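Note that the coordinates shown come from a computational prediction; the quantities given were computed from them, not determined experimentally.
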Amino acid sequence: MSRQAPWIRFFAEGTAIVVSILLAFAIQAWWEEVQERKRERSALAELRSEFTGNKDILVGTARAHRRSLRAMQAIVSASESPLPTATSLDSLFGVAQITPHYNPATGARAATIGSGRISLIKNVELRNRVAGWDRVVSDLILDEQTRRDFVVHEIRPTLATFGISGSTQVSSGAEADFAEAMRSQTLLAMLRNQISQVAHLLTHFEDAEEATEAMIADLTEELSSN
C-alpha cells in the first residue's frame, strides 16, 4: 500500500489540477456571457431610446404635413366661394408652403452597426430589422424631398408672380394680389397635385409610425428577457 500511495497522491493532485482548470474555464465562460449580455442590454437600451425619440419626431413632422395639407385644401375650397380676408389667405398660403423634414437621430443605430455590436442582439429577426431600418423610411424621405423640390421650384415661383412669397407674411399681405392668385388655374392645379401627393406621403408616415411602435415594443421585450 505504501508503494501505491505516491501514485494515488499524484492522481489526486492531477485530478484537482484538471478540475480547477475546467472550473476556471467555466467561470471565465460564464463571466464572458454575463458581460456579453450586459453589452447587449446596453445596445438594446440605446436603440430603444433612439427609436422612442424618433417616433416623437415622426409624429411631429406628420402633424406639420397635415397642417400644410389642410391649408392647401382650404385655399382650393376658398377659390370656389367668396374670398376670405387677405390676412387669412396670407396665413393659409404661408402654411401651404411649409415643407417639413423628417430628420431622425441615427447615432445609436449607426454606432451599433458600425462597431459590430449589432451581432450581440440574439434575436436574429430583430437584428435584421434594425440593420434594414432604412428601407422602412426610404419612401417617406424620398417623397418628402420630391415635395420640397416641387414647392421650392414650382409653387413658390408661381406665388411670387402674385406678390406672395415666403411663409406667413401677414404684415405685407395687403400688397399681394390674392384675388388674381385664386383665379389662377395653374396655381390651383399645382395645389391639387400637392394635396394628392401629401395625402399619399402621410400614408408612409402612418406605416413608419406603426413600424416604429412595433420596433420599440420588440426592443422592450428583448430587454426584459435579458
Got a list of side-chain donor-acceptor pairs under 3.5 Å for residues 191-201, not counting sequence neighbours?
from, atom 1, to, atom 2, distance (Å)
Gln194, OE1, Arg147, NH1, 2.5
His200, NE2, His204, NE2, 3.4

Residues 211-220 side chain polar contacts: donor-acceptor under 3.5 Å, at least two apart:
from, atom 1, to, atom 2, distance (Å)
Thr212, OG1, Ala208, O, 2.7
Glu213, OE2, Lys55, NZ, 3.2
Asp218, OD2, Arg129, NH1, 2.6
Asp218, OD2, Arg129, NH2, 3.2
Thr220, OG1, Arg48, NH1, 3.4
Thr220, OG1, Ile216, O, 2.8

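With a 4.5 Å cut-off on side-chain heavy atoms, Glu144 and Thr61 count as touching. Side-chain contact between Leu126 and Leu44: present, with at least one pair of heavy atoms (C-beta onward) separated by less than 4.5 Å.
Scanning for ring-ring contact (aromatic ring centres under 6.0 Å, His included) contacts around Phe205 gives His65, with sequence neighbours left out. A search for side-chain contact (heavy atoms from CB on, under 4.5 Å) contacts involving Ala105 returns Glu50, Asn54, not counting sequence neighbours. In this structure Arg63 satisfies the side-chain contact (heavy atoms from CB on, under 4.5 Å) test together with Val59, sequence neighbours excluded.
Of the possible donor and acceptor atoms, none in the side chain of Ser42 sits under 3.5 Å from a partner among the backbone N and O of Lys38. In this structure, Ser49 contributes its side chain and Ala45 its backbone to no donor-acceptor pair below 3.5 Å.
Residues in residues 113-123 take part in these side chain to side chain donor-acceptor pair (under 3.5 Å) pairs, two or more places apart or across chains: Glu46-Arg117, Asn123-Glu222.
The two residues Pro157 and Val152 have their closest heavy-atom pair at CD-O, 3.2 Å.
Rounding to the nearest 0.5 angstrom, the gap separating the OG1 atom in Thr161 from the CG atom in Asp177 is 9.5 Å.
Ile57 is connected to Val130 through a chain of hydrophobic side-chain contacts under 4.5 Å among Ile, Leu, Val, Met, Phe, Trp and Tyr, so both are in one cluster.
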